[in-house]
Protein chains: 2
Amino acid sequence: MKSEHIPKATIGRLAVYIQVLENLLRDGTDVISSEKLANACSVNSSQIRKDLAYFGEFGVRGVGYYVQELITSIKHSLGIDRVWNCALIGVGNLGTALLRHHDFERRGFVIKAAFDCDPDKIGKELEGMEIVCPTHLKNQAKERGIELGIITTPADRAQRAANHLVDAGIKGIVNYAPARINVPPHIPVEYVDFFDHLYSLAFQVTLGSFEE
Amino acid sequence: MKSEHIPKATIGRLAVYIQVLENLLRDGTDVISSEKLANACSVNSSQIRKDLAYFGEFGVRGVGYYVQELITSIKHSLGIDRVWNCALIGVGNLGTALLRHHDFERRGFVIKAAFDCDPDKIGKELEGMEIVCPTHLKNQAKERGIELGIITTPADRAQRAANHLVDAGIKGIVNYAPARINVPPHIPVEYVDFFDHLYSLAFQVTLGSFEE
DNA sequence: CTTGCCATGTGAATTTTTTAACATGGCTCT
DNA sequence: AGAGCCATGTTAAAAAATTCACATGGCAAG
C-alpha cells in the first residue's frame with residue numbers, strides 16, 4: 001500500500017508491537033501470525049495487518065511474520081534504526097533521572113549535551129556530561145550533530161527552552177514540562193504528561209464502580 | 001448531555017485542559033472562552049465543548065468558562081478530586097525514581113507501600129517506606145486501603161506482579177514494565193511506554209525530511 | 001423591562017479509524 | 001509439477017470521532 005498519511009494511533013501501536021515482538025524473540029518465537037500477535041497486544045488482527053500495510057509487505061502469506069525481520073522492518077519504518085543525538089534542557093529532578101536512565105541510549109536516543117540556566121549548575125558534571133548555559137545551544141547543536149531536543153524544565157521555563165531549541169535549528173522536541181509551547185509548524189512536538197495515564201486509570205476505576 | 005461511553009482520547013485531552021487551565025490560573029486569567037482555550041491546547045473549539053458536554057454543562061453562554069471552576073469540574077469528572085492510595089511493585093531504578101517523585105503525591109496519587117522480591121532489598125527503607133515481599137501485598141492492601149497498583153519491575157516479572165495485585169483485590173493497574181500483562185477484564189490497565197513519544201517524534205522528523 | 005450580543009451546548013454532516021470479508025499468493029506434501 | 005492449505009494484503013462496510021453550523025440562553029447596557 002505505502003500510503004502518505006499515517007494515523008497517529010498507528011505509530012503508537014507500532015511501538016507496542018515492537019515491545020511484544022522483542023519479548024517473543026527473547027522467548028524463542030521466530031514466526032508469528034497477525035492473529036496471535038493481535039492477541040498478545042489486545043488489538044484486532046486486521047488492525048495489525050493494516051498498520052503494517054502502511055509501510056510495506058512484511059509477512060509471508062500462509063505463514064505469518066518472521067519476528068526478527070518484522071522488528072527490523074518496523075524500526076526502519078519509524079526511522080529508529082539509527083542513532084538520534086539529543087540535547088536536554090533543564091537538569092532538575094527529571095532531567096537528571098533521564099540522563100541516568102541509559103535505556104534511552106540503548107534505544108538509539110543519545111543525550112549529547114545538557115543545558116541549564118541555573119548558575120549553580122553550570123560547569124558541574126553529571127554522568128560525564130558538563131552542564132552548559134542554554135546560550136551555547138546553537139554552537140553545541142551544530143558541533144555535535146544534535147537533531148532532537150528534550151525539555152525538562154519547570155512549566156514557566158518551557159517556552160524559553162523551546163525558543164533556544166528552535167533557534168539552534170533542532171528538528172523535533174519532546175516536552176516533559178507541564179506546559180504547552182509554541183514553535184514553528186514544521187517542528188513536531190511530543191508532549192509527555194506523567195499524570196495522563198493515572199488520570200485515565202482513576203477515571204476508569206471510578207466509572208467501573210458505578211455500573212454494578 | 002451526560003453520555004455513557006466516553007472516548008479515550010477525550011480523557012487524554014481533559015488532562016491537557018487541566019494543565020493549560022492551571023497555568024492560566026497562575027497567570028491570573030479567571031474566565032476563558034472555548035476558542036481561546038482551544039488555541040492554547042492546539043485543538044478545535046468544538047472539540048473542547050463536546051469533551052466537556054460528556055460530563056455536564058460547565059460554562060456560561062455568552063461568557064465562557066470560569067477557570068478555577070472548570071478545573072474543579074474536570075477533576076471531579078475524572079475522579080481525581082480525591083486521594084488514591086497506590087502500591088508500587090519493583091523497586092529498581094524507575095521504582096525508586098517514582099517513590100522520590102513527590103509530584104505524584106501532590107496530584108493525589110499516594111504510594112502507600114513498596115514491594116520487591118529481591119531479598120537484598122526487603123527490609124530496607126526508602127523515602128520512609130519499608131520495602132516488603134510481594135507475598136504480603138494482600139494484607140497490606142486491605143490494611144492501607146490501597147486501590148491502585150504500579151508495576152515497575154523488569155519485563156519478565158510484570159505478569160507475576162500483576163497476579164499479586166489482582167489477588168490483592170486491586171482495582172486498577174499502571175504498568176511501566178515493557179511487557180503486556182493479562183488480568184481479568186474488569187480491571188483496567190494503563191501501559192506507560194517511555195519510548196512511545198520518542199518513536200513518534202523520530203518518525204515525524206524522518207517523514208518531514210522527505211516531503212520537501 | 002426589553003433588546004442586542006456573544007459564547008455555549010447540541011444535532012447533523014463530514015472525516016477518520018476500525019472491523020469484517022475475501023481474493024491473493026507462497027509454502028508444503030503428494 | 002500440481003493441488004490444497006492458510007495467513008497475508010486489500011477492498012468494502014461499519015463504527016467512531018471530529019468538525020461544522022446554528023439555535024439557545026445568560027448577561028449587560030439602555
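The sequence lines fix the lettering, A, B, ..., with proteins before strands; numbering per chain opens at 1. Computation of the quantities below employed the complete heavy-atom set of this structure, encompassing side-chain atoms and omitting hydrogens, waters and symmetry-equivalent molecules.
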(request) Starting from C1' on D/dC20, measure out to CG on B/Asn44 and report it in whole angstrom. (result) 8 Å

(request) Establish whether the base of C/dA7 is bridged to the side chain of B/Ser33 by a donor-acceptor pair shorter than 3.5 Å. (result) no

(request) Please name all residues satisfying side-chain hydrogen bond (donor to acceptor under 3.5 Å, both in side chains) with B/Asp51, sequence neighbours left out, ordered by chain then number. (result) B/Thr10, B/Arg13, B/Tyr17

(request) For each nucleotide in nucleotides 25-30 of chain D, reading 5' to 3', give B when a protein heavy atom comes within less than 4.0 Å of its base, S when such contact involves only the sugar-phosphate, and - otherwise. (result) BS----

(message) Filter on salt bridge (Lys or Arg N to Asp or Glu O under 4.0 Å), then keep only pairs touching residues 172-187 of chain A, sequence neighbours left out; what's left?
(response) none

(request) Quick one: list whatever passes side chain to side chain contact (heavy atoms under 4.5 Å, CB included) with B/Arg82, sequence neighbours left out. (result) B/Trp84, B/Glu147

(request) Specify the separation, in whole Å, of atom CG of A/Asp51 and atom P of C/dT16. (result) 17 Å

(request) Pick base, sugar-phosphate or nothing for B/Ser46, based on heavy-atom distances below 4.0 Å to the nucleic acid. (result) base

(request) Could you check whether B/Thr10 gets within reach of a base, just the sugar-phosphate, or nothing at all, counting any heavy atom under 4.0 Å? (result) nothing

(request) Sequence neighbours left out, what pairs pass salt bridge (Lys or Arg N to Asp or Glu O under 4.0 Å) with at least one residue falling in residues 84-105 of chain A? (result) A/Arg100-A/Glu127, A/Asp103-A/Arg106

(request) Would you mind listing every side chain to side chain donor-acceptor pair (under 3.5 Å) that reaches into residues 148-159 of chain A, with sequence neighbours excluded? (result) A/Gln159-A/Asn163

(request) Kindly state whether the ring of A/Phe194 and the ring of B/Phe104 have centres lying under 6.0 angstrom apart. (result) no

